Amino acid sequence: DLALKPELAAPGVDIVSAASGSTDGVAWFSGTSMATPVVAGVAALVKQANPKWTPALIKSALINTAKSVGSNVLLRSVGAGRVNALNAVKAKVTIDAGPNATMSFGMVYGDAVATITKSQKFIVKNNGTTTANYKFAVAAATGFTIPSGVTVKVYNGSSLVKSTTIISLGAGRSKTLTVKLAATVAAQRNFETWGNNSLNVIITGTSSGKPSLRLPVFAMFQHVEKF
């Protein structure tokens, strides 16, 4: 289903720790075996701050509050970005976009006959005790562009959510928003036959004094002929 993997990145290069079996020695290693304990540790901190949170909520907080790792890095390399311990612990508003806490439209096939429109939903939930007001904006991940003729927009019901639109959530309340992906006939003509074109988009939620939220939106584009 081309779900976005990994969903999250963490420090994993030249990680220094105590060397097992030594009295005062150190060792440093690199790899996912180093990054995974970092994420597990942050997850434990989030659980400590929110004892009643489910694993799904904790996962969302970790992914939603991730930090960009820089320019020209594919979403399928880092997911939402690098884990941010402080913001993950501080977060009270989370985004539920399914079991992966990320959004993937999978392979989008275009035959250049008519405009393609696809949609998926995500839920913004205020898990805190005070009202939260967020604005959401859609943009290509840093260093990328949204292909010409392709649009990604967020809707609240039938209303377009602009970057100035305020989504207000009372304590314990949630709101379901819809992401609509569209590709014109002209855009589909530029899809590659082998599906190498990818969409790398970040939907960012911002609120004064609160951690910013990130929802990565991924898709692969492939041109097909219709007979």
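Quantities reported herein were computed from a predicted structural model and do not represent experimental measurements.
The line from CE of Met107 to OG of Ser198 is 10.0 Å long, rounded to the nearest 0.5 Å. Atom CD in Gln222 sits 5.5 Å away from atom OH in Tyr109 (nearest 0.5 Å). Note that CG of Asn156 is 4.5 Å distant from CD1 of Ile167, once rounded to the nearest 0.5 Å. Note that CG of Leu160 is 11.5 Å distant from OG1 of Thr178, once rounded to the nearest 0.5 Å. In this structure, OG1 on Thr176 lies 4.5 Å from CD1 on Ile123, to the nearest 0.5 angstrom.
Both tests pass for Lys180 against the ring of Tyr155: distance under 6.0 Å to the centre and angle within 45° of the axis.
Checked options Thr129, Asn50, Asn126; the residue passing with Lys92 is Asn50 (criterion: side chain to side chain donor-acceptor pair (under 3.5 Å)).
Between the Thr36 side chain and the Ser33 main chain, no donor and acceptor come within less than 3.5 Å of each other. Using a distance-only test at 3.5 Å, with no hydrogens or angles considered, a donor-acceptor pair links the side chain of Ser60 to the main chain of Ile95. Between the side chain of Ser207 and the backbone N or O of Lys210 there is no donor-acceptor pair closer than 3.5 Å. Proximity of a side-chain donor or acceptor of Thr32 to a complementary backbone N or O of Ala35 within less than 3.5 Å is not detected. In terms of modelled atom types and a separation under 3.5 Å, the side chain of Thr145 and the main chain of Pro147 share no donor-acceptor contact. Proximity of a side-chain donor or acceptor of Asn84 to a complementary backbone N or O of Asn87 within less than 3.5 Å is detected. For the pair Thr65 (side chain) and Ala61 (backbone), a donor-acceptor distance under 3.5 Å is present. Arg214 places a side-chain N or O within 3.5 Å of a backbone atom of Ala80 that can act as its donor or acceptor partner. At least one donor-acceptor pair closer than 3.5 Å links the side chain of Gln188 to the backbone N or O of Ala114. Using a distance-only test at 3.5 Å, with no hydrogens or angles considered, no donor-acceptor pair links the side chain of His223 to the main chain of Asp111.
Smallest separation of non-hydrogen atoms from Asp14 and Ser30: N-OG, 2.7 Å. Here the closest heavy-atom approach between residue Ser77 and residue Pro6 is recorded as O-CG, 3.5 Å. Between Ser212 and Thr206, the shortest heavy-atom contact is OG-CG2, 3.8 Å. Across all their heavy atoms, Leu169 and Ser174 have their closest contact at CD2-C, 3.8 Å. Residues Ser168 and Asn133 come closest through the heavy atom pair OG-OD1, 2.7 Å. In this structure, Ser148 and Ala187 approach most closely via the heavy-atom pair O-CB, 3.3 Å.
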Exercise. Where do Phe122 and Met103 land on the side chain to side chain contact (heavy atoms under 4.5 Å, CB included) test, with the steps shown first?
Worked result: CA-CA 8 Å; Phe122 68 92; Met103 184 173 288; 4.0 Å; yes

Problem set entry | CA sep, side-chain torsions, deciding dist, call: Met220, Ser104, side chain to side chain contact (heavy atoms under 4.5 Å, CB included) | CA-CA 9 Å; Met220 296 290 291; Ser104 174; over 6 Å; no

For this session: Evaluate the side chain to side chain contact (heavy atoms under 4.5 Å, CB included) criterion for residues Asn127 and Trp53: first the C-alpha distance (whole Å), next the side-chain angles of each, then the deciding distance (0.1 Å), finally the verdict.
Result: CA-CA 9 Å; Asn127 305 283; Trp53 277 22; 3.7 Å; yes

Problem set entry | side chain to side chain contact (heavy atoms under 4.5 Å, CB included) evaluation trace for Val42 with Leu62 | CA-CA 8 Å; Val42 177; Leu62 295 176; 3.4 Å; yes

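Side-chain atoms of Val152 and Leu199, non-hydrogen and from C-beta on, do get closer than 4.5 Å to each other. Counting heavy atoms from C-beta on, the side chains of Met34 and Phe29 come closer than 4.5 Å. In this structure the side chain of Thr165 never reaches within 4.5 angstrom of the side chain of Lys135, judged on heavy atoms. Residues Pro216 and Leu4 have side chains in contact (heavy-atom distance under 4.5 Å, counting atoms from C-beta outward). For the pair Leu213 and Tyr134, the minimum side-chain heavy-atom distance is below 4.5 Å. Looking at heavy atoms from C-beta onward, Asp96 lies out of side-chain contact with Lys125 at the 4.5 angstrom threshold. Residues Phe221 and Val150 form a side-chain contact, since some pair of their non-hydrogen atoms from C-beta on lies under 4.5 Å apart. No side-chain heavy atom of Leu181 sits less than 4.5 Å from a side-chain heavy atom of Thr117.
In this model, no donor atom of one side chain and acceptor atom of the other lie less than 3.5 Å apart for Thr94 and Asn64.
Hydrophobic cluster membership differs between Ile58 and Val124, with clusters built from Ile, Leu, Val, Met, Phe, Trp and Tyr side chains linked at under 4.5 angstrom. Linking ILVMFWY residues whenever their side-chain heavy atoms come closer than 4.5 Å, directly or via other members, places Val161 and Val93 in the same cluster. Residues Val179 and Phe136 share a hydrophobic cluster, clusters being chains of Ile/Leu/Val/Met/Phe/Trp/Tyr side chains in contact below 4.5 Å. Ile203 and Leu8 are assigned to two separate hydrophobic clusters, defined by single-linkage of ILVMFWY side chains at heavy-atom distances under 4.5 Å. Hydrophobic clustering (ILVMFWY, side-chain heavy atoms < 4.5 Å, transitive): Leu75 and Val39 are in distinct clusters.
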